[in-house]
**Q** 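Take a look at the following structure, please.
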Amino acid sequence: MENEEKFSDDPTEHYGIENEILRMKLKAQFGDAFQMGGDAHLPPEIENQFLKNVIGFEEASENAEYTTIYEKLGKPAYKAAGDLSAEELAPALQHLMKLMKEQGINLEFCDGPYEDALIYRFVTEEFFSHQVEKRSFFGNGWNFIYEEFYPNDKAEITKNTHAFIKHWMRREFDEYSMELANEINLADGSILNRDEAIRKMNIFLESFVEFKNDGYNIKDLNFEINEDGNGFGFSEGMIKYDAVMESNETIHYESPYKFYMHRIDKFWDIFYFIMPGFKW
């Protein structure tokens, strides 16, 4: 920021005062949309630079000029999907994806695989008209995920199921176990926050030294999407595993499991589950 005011000869006090002013400015400009994590514990000089970067980014966003992805690519010639033969489709899609990559426009696919015809239609009939900033704010291009346009609900529920069981068998739930919701609902109606739920789960998991001879299937999976885009779903099946204690005693668990999930802001996560051997 130009012509920076000096609030104190003590650097810590100076940054403390200036940071408070910057936070007030952001709060006044963006209201509740601006949140600073209370547990960040950033050094004042690092927080100062972070806040200035946020202000710079927001000001640049407000003044940004936009164009379509098609224009960004230089308006390349292409055929409509219906005019391409089966043999022409894959090379035509590869050509468009190469053009986008050369311009720093990255389209990723988290699930799938998807048919070439579906992706080609999406790119030419929808993605091309999507607007982007003429200049990338961070200089590293524009990144998009296909599932943010068309969420693959079945794949997301399936992926959460596999992720939960993998973490369970490895006994390694932590803050990066993103299949878990921020709040876990219990059968008695009480609610645990994510960290508290993980602590309780780990008490059970850490009472064993190893899980082995495991196996499971997904017998059923279902979901419903509301008009607002949110939804409710579940996956269930049979699971078995041997839990080895420090004494080398082994407990064999084998019974149904069930994961209840909700869809919020296009993403599914587990808010309640039933696993053999575990009780809250």
Side-chain angles (χ1 to χ4, degrees), residues 1-67 72 103-106 108 110 130-145 148 160 163 167 170-186 190-203 205-206 229-230 262-271 280:
M1 298 176 70
E2 296 180 0
N3 302 321
E4 292 186 351
E5 184 175 354
K6 190 173 183 179
F7 298 102
S8 172
D9 291 331
D10 180 353
T12 300
E13 186 177 3
H14 163 77
Y15 284 124
I17 296 172
E18 185 175 26
N19 290 349
E20 183 62 29
I21 293 173
L22 292 172
R23 284 193 293 268
M24 290 173 61
K25 179 178 179 180
L26 284 164
K27 187 73 173 178
Q29 187 171 358
F30 304 106
D32 292 335
F34 172 73
Q35 297 289 338
M36 273 289 288
D39 58 350
H41 300 304
L42 294 174
E45 64 274 17
I46 301 299
E47 182 184 358
N48 184 263
Q49 189 59 56
F50 169 77
L51 291 168
K52 289 178 179 177
N53 288 342
V54 171
I55 290 174
F57 174 79
E58 295 296 344
E59 289 177 347
S61 299
E62 289 180 353
N63 299 320
E65 295 183 14
Y66 289 84
T67 186
K72 188 70 182 173
Q103 293 298 323
I105 299 171
N106 303 302
E108 303 291 340
C110 295
H130 189 75
Q131 292 208 335
V132 296
E133 304 87 358
K134 286 187 176 180
R135 296 182 60 186
S136 172
F137 290 129
F138 300 106
N140 59 351
W142 299 262
N143 298 294
F144 301 92
I145 298 174
E148 290 183 348
N160 282 346
H167 289 139
R170 293 181 179 179
R171 301 180 300 116
E172 59 176 19
F173 285 97
D174 56 28
E175 66 270 25
Y176 301 109
S177 303
M178 301 308 296
E179 70 274 16
L180 293 174
N182 290 329
E183 294 183 336
I184 304 298
N185 298 66
L186 305 188
S190 59
I191 296 176
L192 297 179
N193 65 46
R194 177 195 183 89
D195 292 340
E196 187 177 0
I198 288 176
R199 281 196 296 271
K200 287 182 176 291
M201 292 161 62
N202 283 336
I203 289 174
L205 297 173
E206 291 169 4
N230 296 327
H262 53 201
R263 184 182 193 259
I264 300 176
D265 296 332
K266 300 183 180 179
F267 294 99
W268 289 94
D269 48 36
I270 298 169
F271 68 88
W280 291 104

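Keep in mind that the numbers below use all heavy atoms, side chains included, and drop hydrogens, waters and symmetry copies. Start at 1 with the first residue, then count along the sequence.
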**Q** Rounded to the nearest 0.5 Å, how far does CD1 of Ile191 lie from CG of Asn182?
**A**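 The distance works out to 12.0 Å.
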
**Q** Test of understanding: with salt bridge (Lys or Arg N to Asp or Glu O under 4.0 Å), list the residues that count as partners of Glu183, not counting sequence neighbours.
**A**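 Here no residue qualifies.
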
**Q** Which heavy atom in Phe173 sits nearest to a heavy atom in Leu180, and how many Å separate them?
**A**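 Scanning both residues, the minimum pair turns out to be CD2-CD1, 3.9 Å.
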
**Q** In chain order, what residues pass the salt bridge (Lys or Arg N to Asp or Glu O under 4.0 Å) check against Arg263, with sequence neighbours excluded?
**A**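 Scan of Arg263 (salt bridge (Lys or Arg N to Asp or Glu O under 4.0 Å), adjacent residues dropped) gives Asp153.
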
**Q** Do you know the tightest heavy-atom contact between Asn143 and Asn106?
**A**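 Taking every non-hydrogen atom into account, OD1-ND2, 2.9 Å.
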
**Q** So, do Ile264 and Phe271 sit near enough that their side-chain heavy atoms are less than 4.5 Å apart?
**A**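 The answer is no, as the side chains (C-beta and beyond) never meet within the 4.5 Å cut-off.
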
**Q** For Glu45, which residues count as a salt bridge (Lys or Arg N to Asp or Glu O under 4.0 Å) partner, sequence neighbours excluded?
**A**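 Partners of Glu45 by the salt bridge (Lys or Arg N to Asp or Glu O under 4.0 Å) criterion come out as none, since no residue qualifies.
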
**Q** Working to the nearest 0.5 angstrom, can you tell me the gap between Lys72 NZ and Gln131 CD?
**A**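 Rounded to the nearest 0.5 Å, the NZ-CD separation comes to 13.0 Å.
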
**Q** Which distance, rounded to the nearest 0.5 Å, do you find between the CD1 of Ile46 and the OH of Tyr15?
**A**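 Reported value, rounded in 0.5 Å steps: 9.0 Å.
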
**Q** Going by the rule side chain to side chain donor-acceptor pair (under 3.5 Å), which residues pair with Asn19 if we only count those two or more places apart in sequence or in a different chain?
**A**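 With sequence neighbours excluded, Asn19 shows a side chain to side chain donor-acceptor pair (under 3.5 Å) to Asn48, given in chain and number order.
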
**Q** In sequence, state the C-alpha distance, the side-chain angles, and the governing distance for His262 and Asn230, and then conclude on side-chain contact (heavy atoms from CB on, under 4.5 Å).
**A** CA-CA 7 Å; His262 53 201; Asn230 296 327; over 6 Å; no

**Q** With side-chain hydrogen bond (donor to acceptor under 3.5 Å, both in side chains) as the rule and sequence neighbours excluded, what pairs involving residues 193-202 come up?
**A**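 Counting only pairs at least two positions apart or across chains, no side-chain hydrogen bond (donor to acceptor under 3.5 Å, both in side chains) contact touches residues 193-202.
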
**Q** Roughly how far, to the nearest 0.5 Å, is the CZ atom of Phe267 from the CD atom of Glu148?
**A**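 Rounded to the nearest 0.5 Å, the CD-CZ separation comes to 5.0 Å.
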
**Q** Between Ser177 and His167, what is the shortest heavy-atom contact and its length?
**A**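 Looking at all heavy atoms of both residues, the shortest contact is OG-ND1, 3.7 Å.
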
**Q** Please name all residues satisfying side-chain contact (heavy atoms from CB on, under 4.5 Å) with Leu186, sequence neighbours left out, ordered by chain then number.
**A**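 By the side-chain contact (heavy atoms from CB on, under 4.5 Å) rule, Leu186 matches Ile184, Asp188, Ser190, Leu192, Trp280.
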
**Q** Between Glu175 and Met178, what is the shortest heavy-atom contact and its length?
**A**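 Heavy atoms only, the tightest pair is O-SD, 3.7 Å.
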
**Q** Side chains of Gln103 and Trp142 only: does a donor on one sit below 3.5 Å from an acceptor on the other?
**A**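 No, no side-chain donor-acceptor pair sits under 3.5 Å.
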
**Q** Do Tyr66 and Lys134 have side chains that get closer than 4.5 Å, going by heavy atoms?
**A**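 With C-beta onward as the side chain, the pair stays apart.
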
